[in-house]
*Asks:* 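Quick one: this structure, given as structure tokens, is what I'll be asking you about.
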Protein chains: 2
Amino acid sequence: MPPAPLDDDRLTALGLFLEAHDGLQRRLEPQLAEHGLPPGEFEALLRLARTPGGRLRMSDLASQLRLSTSGASRLVDRLEQRGQAERVACPTDRRGAFAAVTAAGRRDVEAALVEHLELVNRWFCAVLDPEELSALTAALRKVRDVVHPGAAAGAVPDPPPEGGTDPAASPGRSRPSGPGQGRVRGR
Amino acid sequence: MPPAPLDDDRLTALGLFLEAHDGLQRRLEPQLAEHGLPPGEFEALLRLARTPGGRLRMSDLASQLRLSTSGASRLVDRLEQRGQAERVACPTDRRGAFAAVTAAGRRDVEAALVEHLELVNRWFCAVLDPEELSALTAALRKVRDVVHPGAAAGAVPDPPPEGGTDPAASPGRSRPSGPGQGRVRGR
DNA sequence: CCCAACAACTTGCGTGCGCAACTATTCCGC
DNA sequence: GCGGAATAGTTGCGCACGCAAGTTGTTGGG
């Protein structure tokens, strides 16, 4: 018997995913760089800027950025040095801190955003016709929901991995909305 | 007027892509780690193992792995230390080198592969029903072809970026097949 | 009231990567 | 064939990240 399917279809599909992801990143990066924004910093500012108070708990930011808490900590260090964000002490929990966009930070993301959206369009959305795009996002959402439960709205930390794991188990639950929830484990 | 659309649909679509990619990586990594294979090493061995001679020029490997040539160089260093690959001098071009899988390397990928495929299935393919999956791969292929021309078969290095770039410009051409072609610039 | 378990960050350390510089070779025009 | 330009690969350097350990603060049971 053939020892192993070195070119299984599933590998091809996965490879396509990885290549598209990587290529996309490479197309988008340079434009952000023109505005002096590394991609991580850009996404961080974006996430902060579109949050009601313009601020997010460090842990939540980490989770949204798919970074470890230490990664987020240092990212916010950099943003702070650049004057694009600042740390704000949490009044109700003195261990905690918020990262908050500054006016300058908001200005900088917005400045980069218009052009960024054009590129996202050029290299991603406009490459597909409308039905294809919606099929793609629907599929991506399904995958995302399975591999990263808790990224969408109501969040529950991953249960510890079982033996015969069923990815479809325990569909979304609501969360108490109290702060300090919906984290994903630090990777 | 609203200064900038901080939650444009296109950003959502892109975010979905990034989250799905990241989540997938996290699901697949641990299993490879159990076999002592970091994801980069795994993909490298896989690419080498499924190449006719079990070997690839350093530059081609770099390009397939979406790494800079220095990144590939050091990756092969690591594989060599582990005894999973070795460098072979190129007989016709004394500057050049091949990376070649060793028997041990081949054994190791194959050992990890079966389980790996199961996971790819569980977290990616089987999450979607067949039509969804083929729609997804078709869309991914379109995006990949645009953002990373030269990844598919006949490869031509990216032309230097123009001003008003049209992604659909210059569709695939054939290449002379002589060695030392189809590279992507070193990033 | 107190202490132990826990939680939110931060920091020390090691690692992998890209860029730029460097070496060795090949290619090409004259 | 000679000399400069281009090419294949390696190496110095800096940087961002994750893990693990450390710090400070909170919580809940006795």
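Just so we're clear, the structure is a prediction, and the values are computed from it rather than from any experiment.
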*Asks:* Could you measure the distance from the CG atom of A/Asp22 to the CZ atom of A/Arg27? Nearest 0.5 Å is fine.
*Replies:*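 CZ of A/Arg27 is found 11.0 Å from CG of A/Asp22.
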*Asks:* Is the cationic atom of A/Arg57 (NZ for Lys, CZ for Arg) positioned less than 6.0 Å from the six-membered ring centroid of A/Phe98 and within 45 degrees of its normal?
*Replies:*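 That pair qualifies as a cation-pi contact.
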*Asks:* On DNA chain C, does the nearest nucleotide to A/Ala97 precede the nearest nucleotide to B/Ser70 from the 5' side, or the other way round? Give the residue.
*Replies:*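 The answer here is A/Ala97.
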*Asks:* Does B/Arg87 put a side-chain nitrogen or oxygen below 4.0 Å from OP1 or OP2 of D/dT10?
*Replies:*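 For D/dT10, OP1 or OP2 has a side-chain N or O of B/Arg87 closer than 4.0 Å.
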*Asks:* Please report, rounded to the nearest Å, how far the C1' atom of C/dC17 is from the CZ atom of B/Arg66.
*Replies:*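 Roughly 14 Å, once rounded to whole Å.
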*Asks:* How many whole angstroms separate atom CD of A/Glu29 from atom P of C/dC17?
*Replies:*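 In whole Å, C/dC17 P lies 15 Å from A/Glu29 CD.
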*Asks:* Nearest heavy atom decides the nucleotide; on that basis, is B/Gly40 or A/Met58 closer to the 5' end of DNA chain C?
*Replies:*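 Counting from the 5' end, the first nearest nucleotide belongs to A/Met58.
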*Asks:* Which residue, B/Ser73 or A/Arg94, contacts DNA chain D at a nucleotide closer to its 5' end, judged by nearest heavy atom?
*Replies:*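 Between the two, 5'-proximity favours B/Ser73.
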*Asks:* Which of these, B/Gln64, B/Arg144, B/Arg66, sits in a side-chain hydrogen bond (donor to acceptor under 3.5 Å, both in side chains) with A/Glu19?
*Replies:*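 With A/Glu19 as partner, B/Gln64, B/Arg144, B/Arg66 yield a single side-chain hydrogen bond (donor to acceptor under 3.5 Å, both in side chains), made by B/Arg144.
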*Asks:* Can you tell me the distance, in whole Å, between the CG atom of B/Leu67 and the P atom of D/dT10?
*Replies:*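 Spelled out: CG on B/Leu67 to P on D/dT10 is 13 Å.
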*Asks:* For A/Arg55 and C/dA8, what is the distance between atoms CZ and P respectively, to the nearest whole Å?
*Replies:*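 The answer, rounded to whole Å, is 16 Å.
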*Asks:* Roughly, in whole Å, what's the span from CZ in B/Arg74 to P in D/dC15?
*Replies:*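 B/Arg74 atom CZ is separated from D/dC15 atom P by 15 Å.
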*Asks:* Does the side chain of B/Glu43 reach to within under 4.5 Å of the side chain of B/Val109, using non-hydrogen atoms?
*Replies:*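 SC-SC contact between B/Glu43 and B/Val109 ruled out.
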*Asks:* Over how many whole Å does the gap from B/Arg26 atom CZ to D/dG18 atom P extend?
*Replies:*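 Taking CZ of B/Arg26 and P of D/dG18, I get 7 Å after rounding.
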*Asks:* Please report the distance, rounded to the nearest Å, between CG in A/Asp93 and C1' in D/dT27.
*Replies:*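 These atoms are roughly 11 Å apart.
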*Asks:* Mind calculating the distance between CZ (B/Arg78) and C1' (C/dT15) to the nearest angstrom?
*Replies:*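 Taking CZ of B/Arg78 and C1' of C/dT15, I get 8 Å after rounding.
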*Asks:* Could one point to a donor on the side chain of A/Arg95 or the base of D/dT26 with an acceptor on the other under 3.5 Å away?
*Replies:*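 Such a pair does not exist between side chain and base.
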